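Here's the structure we're looking at; comments come further down.
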Number of protein chains: 4
Amino acid sequence: MDGEPNAITEAGTRFVALAEEHAADFATRADQHDREGSFPFENFESMKKSGFMAAPAPSALGGLGLTSLHDLAVGMSRLGRGCASTAIAVNMHLASVWTMGRMLAAEPEGELAPAIDGLLKGIVAGQITTAVAGTEAGTDIAHPQTTATATDNGYLLNGTKIFGTLSPVANVFFSPVRVAEGNGGYSAGLAMVFRGTPGMDIKDNWDALGMRGSGSNDVIYTDCLVPAASIMRNAADFGEVSAIGVETAISGNVGLIAVFMGIAETARDAVVATAKTRRKAPSNRTLAERPSVQHLIGELDVDIAVCRSMVAHIGRQVDAFSEAYPRGRAPVEVAMELDRQFQCAKLTVNRRAIDAVDKALTASGGAGYLTKSPLSRLYRDVRAGPFMQPFAPHEALEFIGRVALGQDPALDR
Amino acid sequence: MDGEPNAITEAGTRFVALAEEHAADFATRADQHDREGSFPFENFESMKKSGFMAAPAPSALGGLGLTSLHDLAVGMSRLGRGCASTAIAVNMHLASVWTMGRMLAAEPEGELAPAIDGLLKGIVAGQITTAVAGTEAGTDIAHPQTTATATDNGYLLNGTKIFGTLSPVANVFFSPVRVAEGNGGYSAGLAMVFRGTPGMDIKDNWDALGMRGSGSNDVIYTDCLVPAASIMRNAADFGEVSAIGVETAISGNVGLIAVFMGIAETARDAVVATAKTRRKAPSNRTLAERPSVQHLIGELDVDIAVCRSMVAHIGRQVDAFSEAYPRGRAPVEVAMELDRQFQCAKLTVNRRAIDAVDKALTASGGAGYLTKSPLSRLYRDVRAGPFMQPFAPHEALEFIGRVALGQDPALDR
Amino acid sequence: MDGEPNAITEAGTRFVALAEEHAADFATRADQHDREGSFPFENFESMKKSGFMAAPAPSALGGLGLTSLHDLAVGMSRLGRGCASTAIAVNMHLASVWTMGRMLAAEPEGELAPAIDGLLKGIVAGQITTAVAGTEAGTDIAHPQTTATATDNGYLLNGTKIFGTLSPVANVFFSPVRVAEGNGGYSAGLAMVFRGTPGMDIKDNWDALGMRGSGSNDVIYTDCLVPAASIMRNAADFGEVSAIGVETAISGNVGLIAVFMGIAETARDAVVATAKTRRKAPSNRTLAERPSVQHLIGELDVDIAVCRSMVAHIGRQVDAFSEAYPRGRAPVEVAMELDRQFQCAKLTVNRRAIDAVDKALTASGGAGYLTKSPLSRLYRDVRAGPFMQPFAPHEALEFIGRVALGQDPALDR
Amino acid sequence: MDGEPNAITEAGTRFVALAEEHAADFATRADQHDREGSFPFENFESMKKSGFMAAPAPSALGGLGLTSLHDLAVGMSRLGRGCASTAIAVNMHLASVWTMGRMLAAEPEGELAPAIDGLLKGIVAGQITTAVAGTEAGTDIAHPQTTATATDNGYLLNGTKIFGTLSPVANVFFSPVRVAEGNGGYSAGLAMVFRGTPGMDIKDNWDALGMRGSGSNDVIYTDCLVPAASIMRNAADFGEVSAIGVETAISGNVGLIAVFMGIAETARDAVVATAKTRRKAPSNRTLAERPSVQHLIGELDVDIAVCRSMVAHIGRQVDAFSEAYPRGRAPVEVAMELDRQFQCAKLTVNRRAIDAVDKALTASGGAGYLTKSPLSRLYRDVRAGPFMQPFAPHEALEFIGRVALGQDPALDR
């Protein structure tokens, strides 16, 4: 009865249990990876072995058959409690696996089915790890400037992706691109690029305020030639809002917001535990006995409760959407409406998770400000939340308002 | 996909449908009752006829068999959209009916079963309407100062109850009392008093900022003699926290917070509708086209989404508690933990509902400040939320913090 | 050392002392006028007699020579503590008198000097009370739709002004108009209309959530003929931002925000006084002894301190601007920068004053929600703040951001 | 007219000009010291040479004669814009110099006058730099647990001070101690310890989230013998609130809050500059042209305006207090009232400065999260604010409320 959301499917229950086991292990090394800015390779080995990284693969193919994004989010929150860098990194992989499963379910005999089938089998076998190298400077995620130019042998990719989370271990990268059309215009596409393809340069340059173990390196394409079949064309025109775009954004983000909640939960538990035992002069009462600390923890717990409620409620809404509409079949208005709800949740969870860690830091009385305190890491990690695209908080409010008011949901025409 | 919580049980679905029908009707008279400060007697006649007021009675007795407090809350939110005064008034009755059903379920052969059975039948027949006259000035709800003093013929009640919502039509009143024990101490009790009992004075003096149609009059007991059987003794000692106390508080409040959410939803929908059509010089663009209005509505919608998530999530938690523990059988620690979660929800929903109406008022551009605008009523009505006991916001934070920190949950020893 | 801003000029000191005397008197009738929605005619008689209403008139003409808007604001805050309706009403008059004094100072031999001199003498003699009938539905204050059309005998005014505060006693009305130019375009103008001019209809229809004693009636012009000399042309084109526009807006608003602060101060003092004496069972400790109440009052006092700091600081900035630039001589960039600062203050003071009264209401424990409590009036009155133009909060943020970012400050082209 | 507070005394004007010059220089190395966690020794050499570090010394002794704490705060805000670590470090020294000047002014013939005179001359000569090693784990600043035990040769100090800002260069340390009295009780005292005294161990162990160049090392006293004259006894009993205690706390903190404001100002200016030039696809409009960015910067500027108003207003109040009462002569009630105001300012400025940097980070769009961005340093630095004692935010609210409600201002009896 502590309000944390729990799995509602059987597969989810197993997934969440795995997440908790991994989290307990990863937590022991989180501070070290943060300090060193090193990538936790061993965590990914461990998650491959346990089957965690193949969880959203269909059970027929050897996965856990995790289809509930609600439950995926719950698992991500638990993993995030242990090591947030690992959690946001694996999340992008899991979202891709989930999407593949969903594509297969929507069109089991579709053109892409054999390729997806192959990828999923590779994932189940622990041979394939996917990453999304999507973000670029100077544009938003819906308008990639990385170009795919058709040649006789395939497409040449050119462009620079940043925040390429998980890049140190991924061997399959998905990158949104714009495909140059003959008429000078562009259409939207998604490139799949295997690690080691000539012209692909995965940097080792991730150095940030937080999430220092997430390996979010730059990925640079310079005349990188990929086979024609490696470029998936989206149904929507370049830059158009679409149900698939919404679904993709949400499937990647619902786990992310849960990770930030998990960070806040860890900070909260740490400071509550400390408050129960730490005594201060002159009275030598514990912190827990002091009214101002009680009030502060009360406020912190409200932050947590808000996060949990929103993750739980949006998770169920997302699942209801997935169940109602096979991939790509939802009316765009319905998808926009779901995205409006999702953006409300993302905005709020990110903000309240930050606020919660801030309060935990305050309650720590200065101890949490020291590098040696995990709280100082959590404070840096949790701040990554609002940067996840789409949307930043100020954009989200504009988007939510525009959809609510019946305006064109695109923010920048 | 607009995020509003919906009923999850069959009985709840019927209850919510009734609520929506009633709301549409009541909305047409809400402003008038507000202006006149008059009690909407006709609304209660209508809810008796439809079976709405007997919804939580067991279906075997002719009720809808509504047992889910989640669904009760959803229904209350819909009713609150139409007339909040009516909604908070009928809510206290419904919570009492729900409690009776639950007592009967817990102890179908119990001492009180025949009496409860009788009451429920009267409620189904539309002959009985119950009210809780609980609040008193100068004390909190857990420590009533109204005394019940044993005499040869029963108990003499003395004390003044305020905020006696629903008193104009109720004919059975439940009032928490303290029962004078021989030793100078007190035990806790609940008096059931029939309207018209000599020594009971139901004033007609409700005159407040908002909720002006709720009939929240003073109820004064002066040597009011009631039969000995009319005093129920609580298991807990006077002023002790208990699982039953928590359950009672939550069953009454979960519908209330939903009403305040419903007010906010109405204000939001009104202002969104206006913004879509209202034009302003010099550009004559609609309000909906203006970035600052979009941002404001974005923030308002976040408020609404937070309310909905918390009502949905706490509703499910409360149902899980009810299912796990028959009335009175939950460990007090579990009940406290649930109450901690509930207070997080109550605090947040009340606050965000107020904030939402405030933003709607801002978006109205001054028109909403006029008496003739429903927004000016909603602004006054929604402010009642934080006064509902337990707890006020500042007390709630103390309570939440104390429970979280393992301190005695009683706020005032 | 309680942080309240105090007058910094001698004339201001006398003005503030008068304000406090009047406030003590007006406070005794504020609730009654609120309940009845009646205009406090007697307050204006009293303020005429004391010289308060002529305070900004030059001392050479018999005024107090109040030139500091900082001090005018301080006085308004004190008056607002007693009766906010009276304060916002007289504020518009005082701002006009201040402006006249400033016009005279800037151009003592100017074309308008004789007329201003006459008006000021009438004001000092208690024969003239001015009002600004400026607001219109469907446009913002910078783009009046009320038209002044030239005829052989003067101008014909047509249009409807709303929120015509002070209209029950004013005998000179200033109304922004657009003057029809031959070419189909408009220029900006300000009409001065004497009460009783045929074609001017001052309604008695003010009925709002709060500020019920402010007489903010509709003022309707229907082919209302005024002499050509009654229309002042602004230097700026219609709808253009200008230093004079900024100065006018600020001179009217700086006192207004102080009034809303005054409301909050009254609510705060009332609830602090109550908390010190009111006891509650079971412990019978005073509210003041309870940690959660201390915390709440702490937060309330922070609200007040923020209001006071911002009123004081913006007041000094406004005075520095007035001293640096005679009316109309400031570069528009400097004026915009000042307005940016002013809008930060207005937004914050209005918000924190509302928040402060909200907290006072919470601390009242339900008693404040009753109509008989002054807090319920203060809660309604203080909500008027954000409606004062320019700007509403959402518009203010857009304006502040645009000026900060070097964009065109006009919000609606 | 951008609202920044400016010096109001002549000495202050010179001090602020020096601060700006130093800030421009220090800014060039701030990121490097942060990255390395190194102490900016060269900054202190520079501030000694310029006379900045002797500014509050009387001009008769060669200082600038800076007596206005308002102006000291203004200077600190400017210095903080360049290098916050340097600013908070030098602030504690400056506050001590200011206090010495004030002690001398209050009792020019007092017992301590010769010693103070000597210290001030040393400071002017650049030979003495003072630090306050005051904070301890497990107690608050008013109840030091470090003991001074009388011996025949002086006092033996034992205890551990943390957050000993400026310790790498200070050669005179002031440490609050409790002086063991014969009766088993303690009185309050302040020890002055010269660097290099045997038994004093200045660690090189400062490693924190932010303010990494402030040298806030542990200072450990182990049977550290100091002459009897090195222990100043306070008039107040150990742990008692006193006017001197308040004055000391405020003189140290008023500059600190200004530093945190300065951090926010730098973050704001950086992001505004970026927004004006950075373009994003698809429209390639600058960020400054986007409504959501305008709104965000609007909110950020409100944060800044609140900080500036509160620093300015509290600065003037503190100066008025200093002028009204020579050191130690203020009634404790007056001092408490001032402290209540100060705590409102501290709480708000610290919070809004953090919020402002947070918004700047959001506006940066992810770029600010990278280690190479100064914003990521500012985000860490600004978070130190609420840890400065007294008080933490939750304690401040309790303190403010208690003083407002007439309760004992001590938080922990």
Side-chain angles (χ1 to χ4, degrees), chain C residues 1-3 5 268 272 275-276 286-291 293-306 308-314 316-317 320-321 324 330 333-345 347-348 352 394 396-407, chain D residues 1-3 5 268 272 275-276 286-291 293-306 308-314 316-317 320-321 324 330 333-345 347-348 352 394 396-407:
Chain C
M1 292 295 158
D2 72 348
R268 182 264 181 204
V272 164
K276 285 179 175 173
T286 59
L287 295 184
E289 292 172 276
R290 291 161 198 258
V293 174
Q294 292 164 8
H295 196 97
L296 180 60
I297 299 299
E299 291 183 321
L300 196 170
D301 266 8
V302 173
D303 287 332
I304 300 287
V306 170
R308 286 173 169 176
S309 300
M310 296 206 85
V311 167
H313 192 54
I314 196 64
R316 286 177 186 270
Q317 288 180 73
F321 176 88
E333 297 78 18
V334 174
M336 281 301 128
E337 193 56 28
L338 179 69
D339 203 11
R340 182 167 75 92
Q341 297 306 317
F342 181 73
Q343 293 298 333
C344 289
L347 178 81
T348 305
R352 300 300 283 259
H394 54 304
L397 290 171
E398 189 180 354
F399 172 81
I400 296 164
R402 290 182 70 86
V403 174
L405 291 163
Q407 303 292 307
Chain D
M1 292 295 159
D2 71 348
R268 183 263 181 205
V272 164
K276 286 179 175 172
T286 59
L287 295 184
E289 292 172 277
R290 291 161 198 258
V293 174
Q294 293 166 6
H295 196 97
L296 180 60
I297 299 299
E299 291 182 322
L300 197 170
D301 266 7
V302 172
D303 287 333
I304 300 287
V306 170
R308 287 173 170 177
S309 300
M310 296 206 84
V311 166
H313 192 54
I314 196 66
R316 287 178 185 270
Q317 288 180 73
F321 177 88
E333 297 78 17
V334 175
M336 281 300 128
E337 192 55 29
L338 179 69
D339 203 12
R340 181 166 76 91
Q341 297 307 318
F342 180 74
Q343 293 298 332
C344 289
L347 177 81
T348 304
R352 299 300 282 261
H394 53 304
L397 290 172
E398 188 180 356
F399 172 81
I400 295 163
R402 292 181 69 85
V403 174
L405 290 163
Q407 302 292 307

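A note on names: the letters A, B, ... follow the listed sequences, proteins ahead of strands, and every chain is numbered from 1. Every heavy atom of this structure was used, including side-chain atoms; hydrogens, water molecules and symmetry mates were not. None of these values were measured; they are calculated from a predicted model.
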(request) Heavy-atom distances under 4.5 Å only: say whether C:Glu289 touches chain D with side chain, backbone, both or neither. (result) both
(request) Compare every heavy atom of C:Gln341 with every heavy atom of D:Ala305, then report the nearest pair and how far apart it is. (result) CB-OE1, 4.1 Å
(message) Please rank C:Ile297, C:Ile400, C:Leu300, C:Leu397 by heavy-atom pairs under 4.5 Å with chain D and give me the top one.
(response) C:Leu397
(request) Show your working on side chain to side chain contact (heavy atoms under 4.5 Å, CB included) between C:Arg316 and D:Arg316 and close with a plain yes or no. (result) CA-CA 12 Å; C:Arg316 286 177 186 270; D:Arg316 287 178 185 270; 3.0 Å; yes
(message) Show the nearest heavy-atom pair for residues D:Ala404 and C:Lys276, with the distance to one decimal.
(response) O-CE, 3.7 Å
(request) Nearest 0.5 Å please: distance from the CD atom of C:Glu299 over to the CG atom of D:Leu347. (result) 9.0 Å
(message) For chain D, which candidate among C:Cys344, C:Ser309, C:Ala396 shows the most heavy-atom pairs at distances under 4.5 Å?
(response) C:Ser309
(request) Measure D:Gln407 against the heavy atoms of chain C and call it side chain, backbone, both or neither at under 4.5 Å. (result) side chain
(request) Name the member of C:Thr286, C:Val306, C:Asp301 that forms the most heavy-atom pairs with chain D at distances under 4.5 Å. (result) C:Asp301
(request) Check C:Asp2 against D:Gln317 and note the closest heavy-atom contact, atom names and distance. (result) C-OE1, 4.5 Å
(request) Report yes or no: does D:His313 contribute a side-chain atom to a donor-acceptor pair with the main-chain N or O of C:Gly3 at less than 3.5 Å? (result) yes
(message) Is the shortest side-chain heavy-atom distance between C:Glu398 and D:Gln294 below 4.5 Å?
(response) yes
(message) Does any backbone or side-chain atom of D:Arg352 lie under 4.5 Å from a heavy atom of chain C? Answer side chain, backbone, both or neither.
(response) side chain
(request) Determine the option with the most heavy-atom pairs under 4.5 angstrom with chain D, choosing from C:Val302, C:Val272, C:Leu287. (result) C:Val302
